[in-house]
J.: 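Encoded as structure tokens, here's the structure I'll be asking about.
What's counted below: heavy atoms across the whole structure, side chains too, no hydrogens, waters or symmetry copies. Residues: numbered from 1 along the sequence shown.
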Amino acid sequence: MMTLEPRQAYELLASTYDNVPNPMLALEQRVMIPLLPPLPGAAVIDAAAGTGRWASYCQARSAHTIAADFCFDMLARAPRPAVLADVERLPFPDGAADLTICAFALGYAPACLSELARITRRGGVVLASDMHPDATRRGWTRTFRHGADVIEVAHQRYDLEDLRVIGLKLDCLIEPKFGERERALFARAGKLAMFEEAARLPAIFVARWTKI
């Protein structure tokens, strides 16, 4: 196993990222979709978008989306418009978004929440997800297979208590476990033997805030 900084890791993983079974993404999607505000006509910024999974989802539902990510190879696969940018220094004016989404990136930039708040209009929504900090403490890592190699993406540890920013009111914090819907993805990834243990405790969290 080799450990790489996020930009390096995702440059390697971009070409296969969307094709690999990922139970965490599946779990996050089924939890986050009910938390989305009305999308038709909404201005949505998918921050640290990767290949623009959420930008694509929102765009297909008549939202005006922008995907932003610091990895060119990932962003090249995202829907347009797309902006090459670091999630901690986003090139958008204050209050630009009705909805700002940041999926599975807080572990790479825990301090970015204030920037997500800045670009969201008053009354707008910030949605974020990540691997659960308790899962990280249990030894879970952010790893992907690249050919014969296993790549671990370097990340920073933080606690849920750190997710407090002036100007954001936490509406809900959901800490879901893997369920039967994810079992099949474990099987497809060749990791079915790990499912029962992985499903015992929360795997991720999804948080929703309102900008006040």
Side-chain angles (χ1 to χ4, degrees), residues 6 9-10 13 17-37 44-58 67 69 71 74 87 99-113 116 125-145 150-165 168 170-210:
Y10 286 106
L13 299 166
Y17 183 82
D18 288 331
N19 302 322
V20 176
N22 192 321
M24 285 202 173
L25 298 190
L27 176 60
E28 179 230 32
Q29 183 161 318
R30 68 179 173 88
V31 172
M32 189 179 285
I33 285 175
L35 302 179
L36 292 168
V44 178
I45 295 176
D46 187 0
T51 58
R53 180 170 54 96
W54 282 110
S56 295
Y57 181 93
C58 295
D69 198 89
C71 177
M74 293 286 280
V87 71
L99 167 64
T100 301
I101 299 175
C102 183
F104 290 102
L106 292 178
Y108 309 136
C112 75
L113 195 54
L116 305 182
V125 171
V126 175
L127 277 172
S129 66
D130 206 4
M131 180 188 294
H132 200 289
D134 288 349
T136 303
R137 281 189 282 272
R138 296 198 302 272
W140 290 22
T141 55
R142 300 163 192 263
T143 56
F144 302 88
R145 189 167 293 280
V150 175
I151 308 296
E152 179 179 355
V153 189
H155 60 277
Q156 304 176 49
R157 292 194 176 191
Y158 64 94
D159 295 312
L160 293 181
E161 290 74 19
D162 297 331
L163 302 179
R164 300 178 186 276
V165 170
L168 289 182
L170 184 64
D171 298 324
C172 65
L173 176 65
I174 303 173
E175 303 171 74
K177 303 175 184 178
F178 291 125
E180 289 304 310
R181 296 185 191 179
E182 288 74 50
R183 184 189 292 272
L185 293 175
F186 272 80
R188 284 176 54 197
K191 298 180 179 179
L192 185 57
M194 301 171 58
F195 175 78
E196 296 298 338
E197 178 63 24
R200 289 179 55 248
L201 295 167
I204 67 169
F205 73 86
V206 176
R208 172 180 162 140
W209 297 265
T210 297

J.: Please give me the minimum heavy-atom distance between His132 and Pro202, naming the atom from each residue.
T.: CD2-CB, 3.7 Å

J.: Run the salt-bridge test on Lys177 and Glu182 with the 4.0 Å N-O cut-off and return the result as yes or no.
T.: no

J.: Ignoring hydrogens and angles, state whether a donor on the side chain of Glu28 or Ser129 is under 3.5 Å from an acceptor on the partner side chain.
T.: yes

J.: Would you mind checking if Asp159 and Arg164 are paired as a salt bridge, meaning a charged N to carboxylate O distance below 4.0 Å?
T.: no

J.: On the 0 to 90° scale, with breaks at 30° and 60°, tag the Trp140-Phe178 ring pair as parallel, tilted or perpendicular.
T.: parallel

J.: Does Arg30, at its CZ atom, have more than 12 non-hydrogen atoms belonging to other residues, nucleotides or ligands within less than 6.0 Å?
T.: yes

J.: Should the pair Tyr17 and Phe144 be assigned to parallel (<30°), tilted (30 to 60°) or perpendicular (>60°) ring geometry?
T.: tilted

J.: Please examine the side chains of Arg145 and Ile151, heavy atoms only from C-beta on, and report whether any two atoms are closer than 4.5 Å.
T.: no

J.: How far does OG1 of Thr51 sit from CG of Leu13, to the nearest 0.5 angstrom?
T.: 11.5 Å

J.: So how far is it from Leu106 CG to Leu113 CG, rounded to the nearest 0.5 Å?
T.: 6.5 Å

J.: Once salt bridge (Lys or Arg N to Asp or Glu O under 4.0 Å) is applied, do any residues pair with Arg200, and if so which ones, sequence neighbours excluded?
T.: Glu197

J.: Report yes or no: do Tyr10 and Asp69 form a side-chain donor-acceptor pair below 3.5 Å?
T.: no

J.: If we only count heavy atoms from C-beta on, is the Leu185 to Phe195 side-chain gap below 4.5 Å?
T.: no

J.: How would you list, by chain and number, every residue that makes a side-chain hydrogen bond (donor to acceptor under 3.5 Å, both in side chains) with Trp209, sequence neighbours excluded?
T.: none

J.: I'd like to know if Asp162 and Arg157 make a salt bridge, using a cut-off of under 4.0 Å between side-chain N and carboxylate O.
T.: no

J.: Just so I know, are the side chains of Met24 and Leu27 near enough to count as touching, which here means a heavy-atom distance under 4.5 Å?
T.: no

